[in-house]
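Working notes, structure below.
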2 protein chains.
Amino acid sequence: MGVFGDQWTLLIIRDLMFKGKKHYGEFSDPAEGIATNILSDRLARLVSDGIIKKDRDPSHGARFVYRLSEKGKDLLPVMLAIVEWSAKYDANTETPPAFLEKLRRDPAALKTEILQALA
Amino acid sequence: MGVFGDQWTLLIIRDLMFKGKKHYGEFSDPAEGIATNILSDRLARLVSDGIIKKDRDPSHGARFVYRLSEKGKDLLPVMLAIVEWSAKYDANTETPPAFLEKLRRDPAALKTEILQALA
DNA sequence: CTGTATCCTTAGGGATACTG
DNA sequence: CAGTATCCCTAAGGATACAG
């Protein structure tokens, strides 16, 4: 349950799941507002919880690729439920309208689409 | 989004939604492990976020009843998704098997049942 | 660049006292 | 009992230096 009790963790999962982010530098983008030490800590925690996997990037030498494990991908329903709720009530939610449209029109299709992108 | 970033908040919502808890004393049950000052703070925050309502209990004098607002009830899909994920991966989740059974067999029915209980 | 460790301050929160 | 406020300390985390 500790996964949901932390906003940074949720942000990272969201970025992995919906924004195609994979690299340290993308998560530590200033717009996210997460300090590098915290990012480091949360990534390590997520790895140790088995929610993400950390693998060497074959193309770039000293770089790692972070990806959701199966356990992590199984969080998709949770994340989508949050997205939906936030879109309804959170004024400043920046979810693209096209995404919401799809989510409501055919959630199953959207899910497989996202999982495909994560594979 | 701040709602999901706090474990105590989530616990309170869960208690309201699934355990039929309504009163201060029930939330502050030692088993929950939440300090009274934190409880007070989180309840106030939830009220100010419009997720719960705080009303006088007509039967008892100085007592309040806390209930989910519509906005709060709309968190049901999120909470159920969390329950399901936790049941799958979190070893020490104490969700009753009967509940999970229902959730998988006929989620829609379970939802209306819960909403009925909250009404 | 990618990622971790250190420093230091502030806020979260436990224990508990207090008010009605 | 229901609920809030105070005290105090630990830990989360921002800024930044550091290592590869």
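Proteins get letters first, then strands, A, B, ... in listed order; numbering begins at 1 in each.
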Ignoring the backbone of A/Y24, work out which of D/dG14, C/dG3, C/dG14 is nearest its side chain.
-> C/dG3
Can a side chain N or O of B/Y66 be found less than 4.0 Å away from OP1 or OP2 on D/dG3?
-> yes
Using whole Å, report how far CZ of B/R63 lies from P of D/dT4.
-> 15 Å
Starting from P on D/dA12, measure out to CD1 on A/I34 and report it in whole angstrom.
-> 14 Å
Any donor-acceptor N/O pair under 3.5 Å between C/dT2 base and A/T36 side chain = no
Between A/E32 and A/K21, is there a side-chain N and carboxylate O pair less than 4.0 Å apart?
-> yes
Atom CG of A/D41 and atom P of C/dC7 are separated, to the nearest Å, by 18 Å
Whole-Å distance, A/I12 CD1 to D/dG13 P, equals 11 Å
State which of D/dG14, C/dT4, C/dG14 makes the closest approach to the side chain of A/I38.
-> D/dG14
Quickly work out the A/F64 CZ to D/dG20 C1' distance and round it to whole Å.
-> 11 Å
hbond_proxy A/N37 side chain to D/dG14 base (donor-acceptor, 3.5 Å cutoff) = yes
Do the side-chain N or O atoms of A/K54 get closer than 4.0 angstrom to the phosphate oxygens (OP1, OP2) of C/dT4?
-> yes
Atom CD of A/E32 to atom P of D/dG14: distance rounded to whole Å?
-> 13 Å
Spacing of A/Q7 atom CD relative to D/dG14 atom C1', expressed in whole Å | 13 Å
Evaluate salt bridge (charged side-chain N to carboxylate O under 4.0 Å, His left out) for A/E113 paired with A/K102, printing each intermediate quantity in order.
-> CA-CA 11 Å; A/E113 184 180 329; A/K102 256 186 207 167; 3.1 Å; yes
Parallel, tilted or perpendicular: rings of B/W85 and A/F4 (30°, 60°) = perpendicular
Please work out which of the three classes, parallel, tilted or perpendicular, describes the rings of B/F99 and B/F18, given edges at 30° and 60°.
-> perpendicular
How about B/D90 and B/T93: does a side-chain donor come under 3.5 Å of a side-chain acceptor?
-> no
Report the distance from atom CZ of A/R56 to atom C1' of C/dG3, rounded to the nearest whole Å.
-> 11 Å
